Amino acid sequence: MKRPHITQSTLDRIISAIEEDILRTSDEEILRETESTQRDAQRVRALITRQIDVRGRDVPREPMARRQWLAELLRVRPGLSPTLSATFSSRKPPSDSEVDAVIHRLLKRGVLKKRKTGARED
Amino acid sequence: MAMGAGSQARKADIETTLAGLSDADLLRLQRFAQLRSRLVPWMAWEDLLQEAVARVLDGRRKWPPTVDFMAFMRQTIRSIANEHLRREQRKPSHGEFDDERMLDGAHHANSQPERAVIAADLLDAIHTLFADDAEVLAILSGLATDESPEEIQRRSGMSATQYASAQKRIRRGLARAFPEGGT
C-alpha cells in the first residue's frame with residue numbers, strides 16, 4: 001500500500017477522521033475501550049472542576065488571601081491574563097495595590113464574579 | 001446536546017454542561033486532547049484540555065446554539081493546538097544567526113521542516129502500528145488524499161461494515177499505543 005504524502009494537512013485529516021469516529025461511537029464502547037476508565041474520567045473531571053471552582057469563588061477580602069487566590073488562579077489558568085502573569089513573574093511579591101489592580105481588571109472583564117454580599121470592589 | 005436556537009449558551013449553562021459530563025464524554029475529551037497534543041509535543045494533553053475548558057468558561061470560545069457540545073469542544077481543542085503550532089513556527093530557530101538572516105526570513109523557513117518532522121514521525125508511528133492491517137492502511141491512504149469513506153470502500157473493495165470495523169481498530173490501536181499522547 002502506497003504511503004500517503006507526508007504533510008500537516010494529511011495528519012490533520014487522519015486525526016479529524018478519528019475524532020469523528022470517537023464522536024459517533026457509543027458511550028458503552030468508549031467505556032469498554034479504555035483500560036483505566038474510572039481513573040482517566042476522574043482526572044478530566046478534576047481538571048474541569050478546578051477551572052469552575054477557582055472561577056466561581058468569591059474574591060477574598062484579606063490582602064494575603066487575595067494574593068494567594070490570584071496565585072492559584074494563575075496556576076490553574078496560566079493563559080488567562082498577561083497582566084496576571086506579569087504581576088507574579090518577578091521575584092518580588094506583588095504589592096497589595098498591584099493585586100487590587102489585577103482583581104479590578106479581571107472583574108471588569110467579567111472573568112471573575114463579584115462578591116454576593118453586596119460589597120463592591122473598588 | 002445542543003442549545004435552542006436564537007441564543008448563545010449562558011456561562012452558567014456552560015458550567016452546568018461541563019460539570020455534568022458523563023464518564024464517556026470525559027474520556028472523549030481526553031482522547032481529543034491526547035490526539036491533538038501529538039501534533040504539539042511540547043504541550044501535555046492536560047494543558048491543551050485545560051486551555052480549552054478555560055476559554056469556553058471565559059467566553060473566549062462561544063458555544064453556538066445548534067452545535068453539539070462535544071463537537072464544539074473537539075473543534076476548540078483542535079483550534080488551540082493549531083494556534084500553538086503556528087506560534088511555534090513563528091519563533092526564530094535556535095542557534096547562531098545574524099541580523100541579515102533574520103531580515104531574510106530564512107530562519108522562519110527553518111521551523112517549517114520541524115513541523116513536518118513532527119507530522120512525519122507521527123505518521124511513521126501510525127503506519128508501523130498498523131503495518132499488518134491492509135484495511136487500516138487503505139483507510140489512512142484514502143484519508144491522506146481526501147477521499148470520502150465511500151470512495152475508500154469502493155477503491156479497496158471494503159464493505160461499510162469492514163470499514164467501520166477498521167476504523168474501530170484505528171481508534172483502539174491509537175488509544176492503546178499512545179495513551180498519554182506523547183512519544
Side-chain angles (χ1 to χ4, degrees), chain A residues 1-56 73 75-81 106 109-113, chain B residues 11 15 18-19 21-33 35-36 38-39 46-47 49-51 53-55 57-59 68 70-71 74 78 82 85 115-116 118-120 122-124 126-127 134 137-146 149 167-168 170-172 174-176 179:
Chain A
M1 188 67 57
K2 191 177 176 182
R3 286 181 66 179
H5 180 64
I6 297 172
T7 63
Q8 194 72 29
S9 60
T10 297
L11 207 43
D12 186 76
R13 275 196 290 274
I14 290 173
I15 290 178
S16 291
I18 297 170
E19 288 167 343
E20 288 288 334
D21 189 51
I22 290 171
L23 282 170
R24 280 194 303 264
T25 301
S26 71
D27 286 359
E28 292 73 24
E29 207 160 341
I30 291 285
L31 292 169
R32 256 203 313 273
E33 286 176 4
T34 309
E35 287 179 5
S36 46
T37 298
Q38 202 163 18
R39 186 193 71 189
D40 287 346
Q42 276 173 359
R43 212 164 153 186
V44 177
R45 198 180 296 286
L47 185 156
I48 290 172
T49 302
R50 268 199 309 274
Q51 293 285 338
I52 292 174
D53 279 354
V54 76
R55 188 182 171 280
L73 184 65
R75 188 179 62 79
V76 299
R77 308 272 293 282
L80 178 64
S81 160
L106 294 176
R109 275 176 54 193
V111 176
L112 304 178
K113 292 178 183 176
Chain B
K11 288 177 185 174
E15 284 186 13
L18 278 167
L21 288 176
S22 65
D23 281 0
D25 276 342
L26 294 172
L27 293 173
R28 286 188 179 93
L29 289 180
Q30 183 191 41
R31 288 303 297 149
F32 295 154
L35 282 166
R36 289 291 167 180
R38 289 286 289 171
L39 297 176
E46 293 96 333
D47 294 336
L49 181 54
Q50 181 165 265
E51 194 166 336
V53 170
R55 290 192 191 190
L57 285 170
D58 287 344
D68 175 77
M70 292 306 295
R74 168 251 178 141
R78 174 180 185 246
N82 286 342
L85 260 174
R115 207 170 142 175
I118 291 171
L122 180 54
L123 213 42
D124 274 348
I126 291 173
H127 275 91
L137 293 179
I139 291 175
L140 295 177
S141 176
L143 289 173
T145 52
D146 214 10
Q167 271 203 309
K168 194 184 291 189
I170 296 174
R171 192 179 69 243
R172 287 177 173 170
L174 288 182
R176 275 197 297 271

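Within every chain, numbering begins at 1; the chains are lettered A, B, ... in the order of the sequence lines, protein sequences first and strands thereafter. A quick note: this is a predicted structure, and the numbers were derived from the prediction, not measured.
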task = Let me know if B:Ile170 has heavy atoms under 4.5 Å from chain A in its side chain, its backbone, both or neither.
result = side chain
task = Please assess B:Arg31 against A:Glu19 for the test side-chain contact (heavy atoms from CB on, under 4.5 Å), listing each intermediate value before the final yes or no.
result = CA-CA 8 Å; B:Arg31 288 303 297 149; A:Glu19 288 167 343; over 6 Å; no
ask   = So how far is it from B:Phe32 CZ to A:Leu23 CG, rounded to the nearest 0.5 Å?
value = 4.0 Å
query = Can you tell me how far the CZ atom of B:Arg171 sits from the OG1 atom of A:Thr25, to the nearest 0.5 Å?
reply = 3.0 Å
inquiry  = Working to the nearest 0.5 angstrom, can you tell me the gap between A:Leu11 CG and B:Leu39 CG?
reply    = 5.0 Å
message = So does B:Leu21 get a backbone contact from the side chain of A:Arg45, meaning a donor-acceptor N/O pair under 3.5 Å?
response = yes
ask   = Can you name the nearest heavy-atom pair linking A:Ser16 to B:Arg36, along with the distance?
value = OG-NH2, 3.2 Å
request  = Check each atom of A:Glu29 against the heavy atoms of chain B and say whether the ones under 4.5 Å are side chain, backbone, both or neither.
outcome  = side chain
remark   = Heaviest contributor of heavy-atom pairs below 4.5 Å to chain A, chosen from B:Leu29, B:Ile139, B:Leu49, B:Asp47, is B:Leu49
request  = Evaluate side-chain contact (heavy atoms from CB on, under 4.5 Å) for B:Asp23 paired with A:Leu31, printing each intermediate quantity in order.
outcome  = CA-CA 8 Å; B:Asp23 281 0; A:Leu31 292 169; 3.9 Å; yes
task = Output the distance between atom CG (B:Leu18) and atom OG1 (A:Thr49), rounded to the nearest 0.5 Å.
result = 9.5 Å
inquiry  = Which heavy atom of B:Gln167 sits nearest to which heavy atom of A:Ala17, and what is that distance?
reply    = NE2-O, 4.1 Å
request  = Please name the pair of heavy atoms, one in A:Ala41 and one in B:Leu27, separated by the smallest distance, quoted to 0.1 Å.
outcome  = N-CD2, 3.8 Å
remark   = Sorted by chain and residue number, the side-chain hydrogen bond (donor to acceptor under 3.5 Å, both in side chains) partners of B:Arg28 (sequence neighbours excluded) come out as A:Asp27, B:Asp25
query = Could you give the distance from CG (B:Asp146) to CZ (A:Arg13), rounded to the nearest 0.5 Å?
reply = 4.5 Å
query = B:Leu26 pairs by side chain to side chain contact (heavy atoms under 4.5 Å, CB included) with which of A:Ile48, A:Ile30, A:Asp40?
reply = A:Ile48
ask   = What is the minimum heavy-atom distance between B:Leu35 and A:Ile15, and which atoms define it?
value = O-CD1, 3.9 Å
query = Would B:Arg78 and A:Asp12 pass as an ion pair if we require N to O under 4.0 Å?
reply = yes
inquiry  = How long is the straight-line distance from CD of B:Gln50 back to CD of A:Gln51, given to the nearest 0.5 Å?
reply    = 4.5 Å
